[in-house]
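Below, all heavy atoms of this structure are taken into account, side chains as well, without hydrogens, waters or symmetry copies.
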Amino acid sequence: MKKSEIQLLLVVFGILIAFASWQFAYKKNMEQAEQVRTENEELQKTVDRLELLNAKKPEYIAGTEQMKTDCDALINRFASGVRTEDQVMYLYNMELVDANEVRVPSVSMTTAQEVVYGGALTTEEGYELVDDGIRMYRMDSTVNLTTTNNGLKNVLHYVYGMDSRKSIETVSLVSGENGYLSGSMKLNFFFLDGTGNPYVDQNIPGVSTGTGNIFGVLNGAYSQGGGAQDTDGQAANDTGGAEED
């Protein structure tokens with residue numbers, strides 16, 4: 001083999017070695033370098049975002065505390081329970097208010113039903129909201145009533161003016177020949193469960209609760225005058241007199 005041919009082969013081998021080095025070493029290193037550069041850019045974006053969040057940390061903490069305060073205030077506007085007797089007392093007192101000019105001959109009530117939350121539990125940023133176990137319930141009362149035009153206005157003020165959350169779902173009234181409005185009104189009573197707040201008896205002005213004599217039995221010794229007397233010699237009230245708890 002001539003010297004020139006040997007030199008040509010060496011050149012070819014050199015080119016092949018250089019190509020192989022570029023293909024398997026340099027190119028691979030370049031790809032890894034590009035990958036590292038891309039990862040560094042993503043990490044830098046994360047660092048920038050975290051620095052921005054850290055700068056706003058006091059604002060977020062204050063906002064979170066304010067939100068908690070607002071949530072607690074909203075929860076406190078709801079009763080921690082509504083019983084059938086609460087509804088009865090509420091409607092009974094509605095009759096007692098003279099300005100309402102209303103009579104309630106009959107009422108139909110339902111048991112408590114959960115109001116299912118229909119919103120999304122994931123925010124736009126992708127954060128998952130925590131279920132704190134609080135549930136809202138509703139008890140419905142269909143009230144048959146008779147009232148006047150002014151009385152109806154006062155009834156509406158009465159419903160929305162009392163403590164705890166209530167709403168009027170429907171009102172269906174017709175005017176009779178005597179000028180009175182007669183029909184029905186559907187009331188919704190709302191309460192929350194799972195808040196940790198204890199049930200509190202409804203305090204409805206004008207409605208006395210509790211009695212020391214639930215059967216209306218006369219107290220004291222029987223007198224020949226045909227009445228019962230108490231230990232002080234005074235006639236006892238045969239109604240058992242309602243007392244405040």
Side-chain angles (χ1 to χ4, degrees), residues 74-118 134-195 197-219 236-245:
L74 180 61
I75 288 174
N76 291 334
R77 296 180 66 184
F78 286 82
S80 57
V82 175
R83 300 175 179 175
T84 302
E85 52 265 37
D86 297 330
Q87 295 173 286
V88 171
M89 289 192 298
Y90 182 83
L91 297 175
Y92 175 59
N93 186 61
M94 187 171 68
E95 279 191 315
L96 294 180
V97 178
D98 292 335
N100 290 344
E101 300 177 344
V102 64
R103 292 295 176 265
V104 180
S106 63
V107 178
S108 175
M109 301 179 181
T110 64
T111 57
Q113 298 178 350
E114 182 179 353
V115 180
V116 181
Y117 177 67
I134 298 177
R135 298 290 184 269
M136 179 184 292
Y137 289 87
R138 184 184 75 184
M139 296 179 70
D140 299 334
S141 296
T142 301
V143 183
N144 295 316
L145 54 84
T146 299
T147 185
T148 63
N149 184 57
N150 288 332
L152 175 61
K153 297 177 183 178
N154 293 330
V155 166
L156 298 179
H157 285 294
Y158 170 82
V159 171
Y160 289 110
M162 297 288 283
D163 293 336
S164 72
R165 299 296 90 193
K166 304 173 183 67
S167 69
I168 299 176
E169 183 173 336
T170 58
V171 177
S172 178
L173 299 173
V174 295
S175 178
E177 295 180 357
N178 55 5
Y180 284 89
L181 299 173
S182 298
S184 63
M185 176 173 60
K186 187 174 182 179
L187 291 176
N188 301 321
F189 294 75
F190 296 93
F191 67 91
L192 297 179
D193 181 63
T195 62
N197 297 332
Y199 169 80
V200 179
D201 291 331
Q202 294 288 315
N203 181 19
I204 301 177
V207 179
S208 299
T209 59
T211 177
N213 188 357
I214 61 175
F215 298 108
V217 178
L218 299 178
N219 298 320
N237 189 338
D238 61 359
T239 62
E243 299 175 351
E244 289 290 336
D245 286 337

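Closest approach of Asp86 and Gly81 over heavy atoms only: OD2-O, 4.2 Å. Gln87 approaches Val82 most closely through the heavy-atom pair CG-CG1, 4.1 Å. Residue Pro198 comes nearest to Ser80 through the heavy atom pair O-OG, 2.6 Å, listed as atom of the first residue, atom of the second, then distance. Of all non-hydrogen atoms in Glu101 and Thr147, the two that sit nearest each other are O-OG1, 2.9 Å. Here the closest non-hydrogen pair linking Phe190 and Lys166 is CD1-CA, 4.3 Å. When all heavy atoms of Leu173 and Leu145 are compared, the closest pair comes out as CD2-CD1, 3.6 Å.
Contact of the Val102 side chain with the Thr146 side chain is not registered, since no non-hydrogen atoms from C-beta on lie closer than 4.5 Å. Taking the side chain as every heavy atom from C-beta outward, Leu192 and Ile75 approach each other to under 4.5 Å. Considering only heavy atoms from C-beta on, Asn76 comes within 4.5 Å of Asn197 through its side chain. Side-chain contact between Phe189 and Ser141 is present, with heavy atoms from C-beta onward closer than 4.5 Å. A 4.5 Å side-chain heavy-atom check between Val159 and Tyr90 finds at least one atom pair inside the cut-off. Residues Val143 and Met109 fail the side-chain proximity criterion, which asks for heavy atoms closer than 4.5 Å.
A search for salt bridge (Lys or Arg N to Asp or Glu O under 4.0 Å) contacts involving Glu114 returns Arg135, not counting sequence neighbours.
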>> Please determine whether side-chain contact (heavy atoms from CB on, under 4.5 Å) holds for the pair Glu95 and Asn100, giving the CA-CA distance in whole Å, both sets of side-chain angles, and the decisive distance to 0.1 Å.
In response: CA-CA 7 Å; Glu95 279 191 315; Asn100 290 344; over 6 Å; no
>> Using side-chain contact (heavy atoms from CB on, under 4.5 Å), reason through Phe78 and Met136 one step at a time and then give a plain yes or no.
In response: CA-CA 9 Å; Phe78 286 82; Met136 179 184 292; 3.8 Å; yes
>> What verdict does the side-chain contact (heavy atoms from CB on, under 4.5 Å) test give for Ile168 and Leu187, after you've listed the backbone C-alpha separation in whole Å, the side-chain angles of each residue and the deciding distance to 0.1 Å?
In response: CA-CA 5 Å; Ile168 299 176; Leu187 291 176; 3.6 Å; yes
> Run the side-chain contact (heavy atoms from CB on, under 4.5 Å) check on Tyr92 and Val104 step by step: do they pass?
Replying inline: CA-CA 8 Å; Tyr92 175 59; Val104 180; over 6 Å; no
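Taking the six-membered ring where the residue is Trp, Phe191 and Tyr137 present parallel rings, their angle staying beneath 30° rather than reaching 60°.
Arg83 contributes atom CZ, which lies 10.5 Å from atom CE of Met139 (distance to the nearest 0.5 angstrom). To the nearest 0.5 angstrom, Leu181 atom CG is 5.5 Å from Ser175 atom OG. Between the CZ atom in Arg138 and the OG1 atom in Thr110 there is a gap of 7.5 Å [rounded to 0.5 Å].
Side chain to side chain, Ser184 and Asn144 fail the donor-acceptor criterion of an N or O pair below 3.5 Å.
Annotation: Asn178, atom CG; neighbour count of heavy atoms from other residues, nucleotides and ligands within 6.0 Å is above 12.
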